[in-house]
Number of protein chains: 2
Amino acid sequence: MSVTRRLPRYYRCLGDLADKGVERISSREFAKIIGFTASQIRQDLNCFGGFGQQGYGYNVAVLQREIGRILAVDRNFPAILIGAGNLGLALLNHLRFEQRGFELLGIFDNNPEIVGKTVRDWSILDIDRLEDFCSTNHPIAAILCVPDSAAQEIADRLVALGVKAFWNFTHLNLSLIYDKEDIAVENVHLGDSLMTLTYLVSELTEK
Amino acid sequence: MSVTRRLPRYYRCLGDLADKGVERISSREFAKIIGFTASQIRQDLNCFGGFGQQGYGYNVAVLQREIGRILAVDRNFPAILIGAGNLGLALLNHLRFEQRGFELLGIFDNNPEIVGKTVRDWSILDIDRLEDFCSTNHPIAAILCVPDSAAQEIADRLVALGVKAFWNFTHLNLSLIYDKEDIAVENVHLGDSLMTLTYLVSELTEK
DNA sequence: TAGATTGTTAATCGATTAACAATC
DNA sequence: TAGATTGTTAATCGATTAACAATC
């Protein structure tokens, strides 16, 4: 696993510590809480700069702020959500995008029954307005919660419209398709994740 | 990344190939499609047995079936879903649990407004009936879609009731907590995933 | 038989851990 | 100053890739 995949976990755990009122933490104590080795924590943090102090450890608030800066969660990258089904709505309700570096500009769907409805602060726009909307608002990221069958077409349209990053919940392997272009892709393959659990369960029961 | 994390992807891609009517595939062709090296594919598959044939390659249907067996997707591990909010419903609607080795026995929630309602084939049960239900039906796996604040209490109750595996969508770090016990945990930290994308986007824009 | 492609071993690479000198 | 703990280098480990003999 690479450092950058561990950064969000550091950030999250530091938030928990701050909530508990912890002010400073050593790599040793942190290791116990987060489940990495102290060595790895120090190694990781040093990739980005010396945030600690010999003999003292790390200041929780400072470290969280620094990691937040590295992750760019203090930014406001314009983003759109495509697909306002259960999954899209679940993401809207469970996550604070604005606390994770994104500003959600709009929600799109092709279902006439829900187009026009309002979710939180956003009204659901017709997918036909995508070109129109994007040429005005220039979102850089898109959250893809569409059915697999529509994924390729929508993704192509979005790339043509200048979208540079995808949070991809479809089965489509976007990272492969846009390999050569400067497109960032974070795939969330829930089915794969579930099958990993299946495998773990079968291992348990075989013992 | 370990072999077992790649197995679901093999399985998925083989399904796609089968759908397209592809009957046989060499590690070289497969590599191009799936985005791993041919060497890795051969190495991976050989961990579990010789599924290929020299000079021919791999039979798509056979290989998929074998990987399916390794992953245990043909099993029917009894499972329950806790939390019928947007996320829980999204999972119910997006995934075929029965095609991934699980049989969903019941759905639980604590919200009186939705308890008793029916989703697909299942009616939503009151969380108070958890002990009752589990001592009769003995689920081995639980899908945790509850708010973070309730996660620890629910997880403890489930472990006490004999649940051995969690598909965990809460912020809680279950794998750490049940480290020593024989509990399988697959965490899906959507927030972490989104932050990984934030980082990628910030890298893009810095260029 | 010749060509193709696996299975498998050996070489390489990168990531993790251990160790310790620097320093607060 | 002494104790603690980082920053950083070196050692270890595991995973990935390359190579090729086996064989269909």
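Within every chain, numbering begins at 1; the chains are lettered A, B, ... in the order of the sequence lines, protein sequences first and strands thereafter. No experiment lies behind these values; they were computed from the predicted model shown.
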Where the side chain of Asp109(A) meets the backbone of Ala84(A), is there a donor-acceptor pair that is under 3.5 Å apart? yes
For DNA chain C, what residues of residues 37-46 of chain A have any heavy atom nearer than 4.0 Å? Thr37(A), Ser39(A), Gln40(A), Arg42(A), Gln43(A)
Would you say Gln152(A) has more than 12 foreign heavy atoms packed within less than 6.0 Å of its CD? yes
Any idea which heavy atoms bring Leu158(B) and Ile82(B) closest together, and the distance? CD1-CG1, 4.1 Å
State whether the side chain of Ser193(A) and the backbone N or O of His189(A) hold a donor-acceptor pair below 3.5 Å, judged by distance alone. no
Are the side chain of Thr198(B) and the backbone of Val73(A) linked by a donor-acceptor contact shorter than 3.5 Å? no
Among Arg6(A), Arg12(A), Arg9(A), which residue meets the salt bridge (charged side-chain N to carboxylate O under 4.0 Å, His left out) test with Asp192(B)? Arg12(A)
Which residues in residues 47-70 of chain B have a heavy atom closer than 4.0 Å to any atom of DNA chain C? Gly50(B), Phe51(B), Gly52(B), Gln53(B), Gln54(B), Gly55(B), Tyr56(B), Gly57(B), Tyr58(B)
Do the charged groups of Asp126(B) and Arg129(B) touch, with an N to O distance under 4.0 Å? no
Donor-acceptor under 3.5 Å (Arg24(A) side chain, Tyr56(A) main chain): yes
Gap between atoms CZ and C1', on Phe30(A) and dT5(D) respectively (whole Å): 15 Å
Respond yes when some side-chain nitrogen or oxygen of Arg6(A) is under 4.0 Å from OP1 or OP2 of dT16(C), and no when none is. yes
Listed by chain and number, what are the side-chain hydrogen bond (donor to acceptor under 3.5 Å, both in side chains) partners of His171(B), not counting sequence neighbours? Asp16(A)
Enumerate the residues from residues 9-29 of chain B whose closest heavy atom to DNA chain D is under 4.0 Å, giving them by residue number; use none for an empty result. none
For Ile34(B), run the side-chain contact (heavy atoms from CB on, under 4.5 Å) check against Leu14(B), Leu17(B), Ile41(B) and tell me which one passes. Ile41(B)
Residues that Glu29(B) engages under side-chain hydrogen bond (donor to acceptor under 3.5 Å, both in side chains), provided they are two or more places apart: Ser26(B)
For Thr4(A) and Ser2(A), what are the C-alpha separation, side-chain angles and deciding distance, and is it a side chain to side chain donor-acceptor pair (under 3.5 Å)? CA-CA 5 Å; Thr4(A) 51; Ser2(A) 82; 2.9 Å; yes
Could you write out DNA chain C as a dot-bracket string, with dots for unpaired bases, | for bases paired across to another strand, and Watson-Crick or G-U pairs counted at under 3.5 Å? ..||||||||||||||||||||||
Which of parallel (below 30°), tilted (30 to 60°) and perpendicular (above 60°) describes Phe102(A) and Phe77(A)? tilted
Met1(B) atom CE is separated from dA15(C) atom P, nearest whole Å, by 13 Å
